[in-house]
Amino acid sequence: PQEQGSTFLQLGSSTEQQLQVIFEVLEEYDWTTFALVTTLRPGHEAFVSYVEALTDGSFIGWEHRGVLTLNLTQDPRGTRWRRQLRDLEAQIRLLYCSREEVPAVFRGAREAGVAGPGYVWFLVGAQLGGSTQVPPE
């Protein structure tokens, strides 16, 4: 028999759920100082707002070192944003971007010297799962 009206449902964790887990990890390791790095991907403002809501209402002494929004299209060589990544004073960085932007961001981070030992990056975003390409650092 022919199936009619069938529905395909794919479940994934939301950005909010991912952030809740990440902040539990940060708390467990006592990594309370962090910065946010985003691209102009739709939803980046909601990402920043949710992090602020999570940290502002917490009894933990989170030290939010700022938000850096990378404009990959206006600065395709990354000259400006590589410098901005280097100037960001936090070893823990939460990155919100698309799967397609990850290689460029990490290439720039490596060139800026902020993707190696001593730096911890958390990738956040609903469209990042299932990637077979993992950055070397």
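Residue indices begin at 1 and follow the sequence shown.
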**OP:** Compare every heavy atom of G108 with every heavy atom of L85, then report the nearest pair and how far apart it is.
**Re:** CD1-C, 4.3 Å
Original post:
Given side chains that start at C-beta, do those of T38 and V48 come closer than 4.5 Å, heavy atoms only?
Top reply: yes
**OP:** Mind checking side chain to side chain contact (heavy atoms under 4.5 Å, CB included) for V21 and listing every partner two or more places apart, or none if nothing turns up?
**Re:** none
Subject >> By ring pair (Phe, Tyr, Trp, His ring centres under 6.0 Å) - contacts of F59 (at least two apart) >> reply: none
**OP:** Please identify each residue that fulfils side chain to side chain donor-acceptor pair (under 3.5 Å) with T55, with sequence neighbours left out.
**Re:** none
**OP:** Check the pair L19, L54 against side chain to side chain contact (heavy atoms under 4.5 Å, CB included), reporting the backbone distance first and the verdict last.
**Re:** CA-CA 9 Å; L19 285 169; L54 263 177; 3.9 Å; yes
Subject >> ring-ring contact (aromatic ring centres under 6.0 Å, His included): pairs with one or both residues in residues 37-57, sequence neighbours excluded >> reply: F47-Y96
Subject >> side chain to side chain contact (heavy atoms under 4.5 Å, CB included) between T32 and L26, intermediate numbers included >> reply: CA-CA 6 Å; T32 56; L26 294 177; over 6 Å; no
Subject >> Close side-chain approach of T69 to L40, heavy-atom, < 4.5 Å >> reply: yes
**OP:** Not counting sequence neighbours, list each pair that qualifies as a salt bridge (Lys or Arg N to Asp or Glu O under 4.0 Å) and has a residue in residues 20-39.
**Re:** none
Subject >> Test item: I92 and W121 side chains (from C-beta on) under 4.5 Å apart, heavy atoms >> reply: no
**OP:** Please identify each residue that fulfils salt bridge (charged side-chain N to carboxylate O under 4.0 Å, His left out) with E16, with sequence neighbours left out.
**Re:** none
Original post:
Quick one: ring pair (Phe, Tyr, Trp, His ring centres under 6.0 Å) partners of F23, sequence neighbours excluded?
Top reply: F34, W62
**OP:** Could I get the full list of side chain to side chain donor-acceptor pair (under 3.5 Å) partners for N71, not counting sequence neighbours?
**Re:** T73, Q74
Original post:
Between Q91 (side chain) and G118 (backbone), is there a donor-acceptor pair under 3.5 Å?
Top reply: yes
Original post:
What is the minimum heavy-atom distance between L123 and L95, and which atoms define it?
Top reply: CD2-CD2, 3.2 Å
Subject >> Qualifying residues under salt bridge (charged side-chain N to carboxylate O under 4.0 Å, His left out), relative to E63, sequence neighbours excluded >> reply: R65
**OP:** Could you list the residues that satisfy salt bridge (charged side-chain N to carboxylate O under 4.0 Å, His left out) with R93, not counting sequence neighbours?
**Re:** none
**OP:** Evaluate whether atom CD of E45 has more than 12 neighbouring non-hydrogen atoms of other residues, nucleotides or ligands under 6.0 angstrom away.
**Re:** no
**OP:** Report the residues that fulfil side chain to side chain contact (heavy atoms under 4.5 Å, CB included) with S49, sequence neighbours left out, ordered by chain and then residue number.
**Re:** none
Subject >> Qualifying residues under side chain to side chain contact (heavy atoms under 4.5 Å, CB included), relative to R86, sequence neighbours excluded >> reply: R83, A112
Subject >> Steps toward side chain to side chain contact (heavy atoms under 4.5 Å, CB included) verdict (V37, L94) >> reply: CA-CA 6 Å; V37 179; L94 281 64; over 6 Å; no
**OP:** Calculate, to the nearest 0.5 Å, the distance between atoms CZ and CZ belonging to R82 and R107 respectively.
**Re:** 10.0 Å
Original post:
Do the side-chain N and O atoms of E101 and S98 include a donor-acceptor pair separated by under 3.5 angstrom?
Top reply: yes
